[in-house]
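Everything on this sheet refers to the single structure shown next.
These numbers were taken from a predicted model, which means no experiment stands behind them.
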Amino acid sequence: MWKKSVHSLLFFVLAVTVVLSGCASSSSNGEKEPSSSSQEASGDGKLAPYEITIAFWGPDQRDLGLVEQEISKITKEKINATVKLKRIEAAAWTQQKVLMFSGNEKLDLVFTGEDQYISEVAQKKLLPIDDLLQSHGQDILAAFDPDVLAAAKIDGKIYGVPTIRDFAAYPTILMRTDWLKESNMDVSQVKTIEDLEPIFECVKKKHPEANMLGKASGGGSIAYPLLQTTIDPLGDMIGVLTDPNQLKVVNLYESEEYAKFIGVIRQWFLAGYIPKDIATTSQTGRDYIKANIGFATPNKGKPGITTQTGAWAGKELTEVALAPPKMNTLTIMNAMLAIAAKSKNPERAMMFLNLLYSDKQIINLLDWGIEGKHYQVKEDGTIDFPSGVDATNSGYNMRQGWMFGNQLLSYPWSTDSPDIWKQMEAFNQSAEKSAALGFTYNSEPVKTELAAIQNVVQQYSKALETGTLDPDVYLPKFNAALKSAGIDKVIAEKQRQLDAWAASNK
């Protein structure tokens with residue numbers, strides 16, 4: 001999944017007014033709507049030729065141009081359009097997006113999500129697409145639970161379509177199966193993080209030099225993915241619902257849930273289960289497992305997470321789920337596709353967007369490349385590299401299917417179950433929906449306080465959430481600093497907005 005935007009950047013960007021040019025006119029409420037000239041019909045009523053530019057981030061692919069040509073063959077026939085795949089390096093993505101939106105560069109569809117989506121809507125960089133969905137997005141509407149699609153609304157309008165993937169998550173710990181078997185450990189009764197202690201203790205005796213647990217991401221902490229999938233973070237974790245069934249905004253860092261998590265992790269740190277440099281290293285739990293010096297890693301759970309992570313790390317893994325799956329606005333808005341306000345033909349952009357939720361050929365081209373060249377289909381319906389091709393020499397091996405439309409239309413990779421997408425669909429349908437599903441928070445009224453709060457969070461949270469700092473000493477200092485920075489004002493503002501949202505949705 002894509003990485004979190006840096007919140008301090010969001011606050012800066014929200015303060016900037018960007019003037020967009022294009023062929024859209026302003027409606028009475030100030031929103032840009034497509035003009036009639038963008039229909040671009042030819043004299044005989046047929047669609048005029050058009051090139052659709054879609055921008056996204058990802059690693060360099062030698063055969064991207066070949067994939068682009070194959071997709072264009074399909075779109076030329078169906079909507080008389082060709083497609084330009086504009087790939088940008090992940091490290092340059094945020095900066096390049098700003099330049100694409102403000103410059104003269106052509107742009108129709110763009111990948112977005114989370115904080116970037118909210119800020120891009122606020123700056124009118126994205127087009128409201130409710131009418132376009134009705135006129136040219138019937139396959140999109142048919143593919144979604146209405147509640148899920150509605151979660152993308154900001155001030156009552158839809159500006160982006162979530163990609164169809166895992167719309168929920170649960171806290172999970174992934175552990176090496178071979179070391180569990182070696183220690184005769186049964187994890188079937190593990191229900192809480194406290195239950196992991198005897199497992200770590202037993203495995204550590206057999207592998208004293210190994211790290212029992214690492215981080216889920218290089219810049220993150222141990223507790224973060226477990227906490228985030230237990231609560232509703234309401235976008236930024238500054239004011240959350242510890243009970244997603246109740247619309248009561250609280251300070252996460254003052255909650256019993258937070259104190260419990262960091263208290264247990266501190267015990268693990270003192271016991272030697274966690275490496276001493278955990279707060280500063282970029283190494284993750286997956287890295288430790290891959291290097292044969294690690295046992296377990298925390299993660300956000302979803303169907304396929306065990307086999308996918310295990311394939312990357314080169315080890316068979318066993319999963320321990322610590323709570324049922326939960327769905328909230330953030331899990332849905334993680335990855336989205338939107339039409340740029342500067343698009344010269346929003347109707348054609350929507351036609352292509354609609355195909356990304358209905359056309360299996362296009363989805364598999366984007367996800368896996370060209371059949372026979374970049375992948376081959378096996379008897380069980382999964383796919384793998386063709387003979388003589390592997391991850392090191394394939395010309396197209398991006399593996400970002402969660403980024404493009406309906407991932408459930410793509411072939412499963414050979415390391416996944418053949419019915420992985422049926423599992424994913426059932427997973428999404430069974431997830432517990434937060435009472436605040438669809439609520440989007442406007443941070444503008446408290447942006448000054450949030451900037452100060454983020455500095456405090458950066459100072460304390462990672463060290464506390466990796467066990468490095470003693471919570472008995474530093475958690476009170478953390479909360480005192482948060483209060484001085486204005487967290488009570490932020491929570492009150494978020495509660496006010498949430499109450500207003502709830503009242504308007506009765």
Side-chain angles (χ1 to χ4, degrees), residues 1-6 9 50-72 74-75 81-103 105-121 125-127 129 140 152 159-166 332-346 348-357 359 361-370 374 394-410:
M1 199 58 62
W2 76 328
K3 304 294 182 185
K4 294 276 181 261
S5 302
V6 178
L9 176 62
Y50 186 73
E51 181 182 72
I52 300 164
T53 300
I54 176 171
F56 57 94
W57 60 261
D60 185 27
Q61 305 295 313
R62 186 176 66 249
D63 291 343
L64 184 67
L66 297 180
V67 171
E68 181 180 274
Q69 291 173 19
E70 292 300 312
I71 293 173
S72 292
I74 300 170
T75 55
T82 55
V83 175
K84 177 66 177 177
L85 301 178
K86 186 170 182 58
R87 180 206 66 86
I88 295 172
E89 288 291 333
W93 174 244
T94 301
Q95 180 181 7
Q96 287 299 311
K97 277 185 89 173
V98 172
L99 296 175
M100 281 189 295
F101 279 126
S102 60
E105 193 171 0
K106 191 174 185 297
L107 182 64
D108 295 293
L109 287 168
V110 61
F111 179 76
T112 187
E114 298 181 0
D115 292 346
Q116 288 192 0
Y117 175 59
I118 295 168
S119 67
E120 286 157 8
V121 169
K125 293 178 178 179
L126 305 180
L127 199 69
I129 58 174
I140 294 174
Y159 294 82
V161 182
T163 60
I164 298 181
R165 50 188 154 77
D166 47 312
I332 292 171
M333 283 174 35
N334 252 328
M336 309 178 72
L337 293 170
I339 298 177
K342 65 185 292 185
S343 172
K344 297 187 182 305
N345 196 324
R348 203 70 61 86
M350 177 57 75
M351 290 179 193
F352 178 61
L353 186 59
N354 192 61
L355 290 176
L356 294 181
Y357 290 81
D359 192 296
Q361 284 184 286
I362 293 176
I363 286 298
N364 280 293
L365 281 163
L366 281 168
D367 291 359
W368 304 120
I370 300 169
H374 304 119
S394 175
Y396 193 89
N397 189 36
M398 191 153 53
R399 295 183 179 263
Q400 293 179 180
W402 49 269
M403 185 178 275
F404 303 111
N406 187 353
Q407 190 180 22
L408 276 58
L409 297 176
S410 68

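Between Pro162 and Met333, the closest side-chain pair of non-hydrogen atoms is not below 4.5 Å. Between Gln400 and Pro59 the shortest side-chain heavy-atom distance falls below 4.5 Å. For the pair Val161 and Leu356, the minimum side-chain heavy-atom distance is 4.5 Å or more. The side-chain heavy atoms of Gln116 and Trp93, taken from C-beta on, include a pair separated by under 4.5 Å. Here the side chains of Leu126 and Phe101 are in contact, with some heavy-atom distance below 4.5 Å. Side-chain contact between Val67 and Gln61 is absent, with no heavy-atom pair separated by less than 4.5 Å. With contacts defined as side-chain heavy-atom distances shorter than 4.5 Å, the pair Val110/Ile54 does not qualify. Looking at Ile164 and Gln407, their side chains never come closer than 4.5 Å, going by heavy atoms from C-beta outward.
Heavy atoms of other residues, nucleotides or ligands lying less than 6.0 angstrom from NZ of Lys84 number 12 at most.
For Phe352, there are no ring-ring contact (aromatic ring centres under 6.0 Å, His included) partners at least two apart in sequence or on another chain. The side-chain hydrogen bond (donor to acceptor under 3.5 Å, both in side chains) check on Glu105 picks up Lys86, with sequence neighbours excluded. Residues passing the side chain to side chain contact (heavy atoms under 4.5 Å, CB included) test with Ala92 are Ile88, Gln96, sequence neighbours excluded. For Gln69, the side chain to side chain contact (heavy atoms under 4.5 Å, CB included) partners at least two apart in sequence or on another chain are Leu66. Gln95 pairs by the side chain to side chain contact (heavy atoms under 4.5 Å, CB included) definition with nothing, not counting sequence neighbours. Arg399 meets the side chain to side chain contact (heavy atoms under 4.5 Å, CB included) test with Trp368, Phe385, Asn397, Trp413; sequence neighbours excluded.
From Ile332, atom CD1 reaches atom CZ of Arg165 across 8.0 Å, with rounding to the nearest 0.5 Å. Atom-to-atom distance recorded for Asn364:CG and Ile370:CD1 is 12.5 Å, nearest 0.5 angstrom. Note: Glu68 CD to Leu366 CG = 10.5 Å, rounded to the nearest 0.5 Å. Interatomic distance, CG of Leu109 versus CG of Leu127, reported as 10.5 Å (0.5 Å rounding). For the atom pair CG of Leu85 and CZ of Phe56, the computed distance is 5.0 Å after rounding to the nearest 0.5 Å. Between atom OH of residue Tyr357 and atom OG1 of residue Thr163 there is a gap of 6.0 Å, rounded to the nearest 0.5 Å.
Contact detail for Ser343 and Ala349: the closest heavy-atom pair is OG-CB, 4.3 Å. Nearest heavy atoms, Ser410 versus Asp367: CB-OD2, 3.1 Å. Contact record, Leu64 with Arg87: CD2-CB, 3.9 Å, taken as the closest heavy-atom pair. Across all their heavy atoms, Tyr117 and Ala152 have their closest contact at OH-O, 2.6 Å. The two residues Lys106 and Asp108 have their closest heavy-atom pair at NZ-OD2, 2.7 Å. Leu107 approaches Ala55 most closely through the heavy-atom pair CD1-CB, 3.7 Å.
Ring geometry, Phe111 versus Trp57: the interplanar angle exceeds 60°, so the pair is classed perpendicular (tilted spans 30 to 60°).
Under a 3.5 Å cut-off, the side chain of Thr75 and the backbone N or O of Ala81 do form a donor-acceptor pair. Here the side chain of Lys342 pairs a donor or acceptor atom with the backbone of Gly103 at under 3.5 angstrom.
The residues Lys97 and Glu120 are annotated as salt-bridged, a charged nitrogen and a carboxylate oxygen being separated by less than 4.0 angstrom.
When Ile362, Ile71, Leu355 are each tested for a side chain to side chain contact (heavy atoms under 4.5 Å, CB included) with Val83, only one passes: Ile71.
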Given the rule in the side chain to side chain contact (heavy atoms under 4.5 Å, CB included) test, do Phe404 and Met398 qualify, once you have shown the distances and angles that lead to the verdict?
CA-CA 12 Å; Phe404 303 111; Met398 191 153 53; 4.0 Å; yes
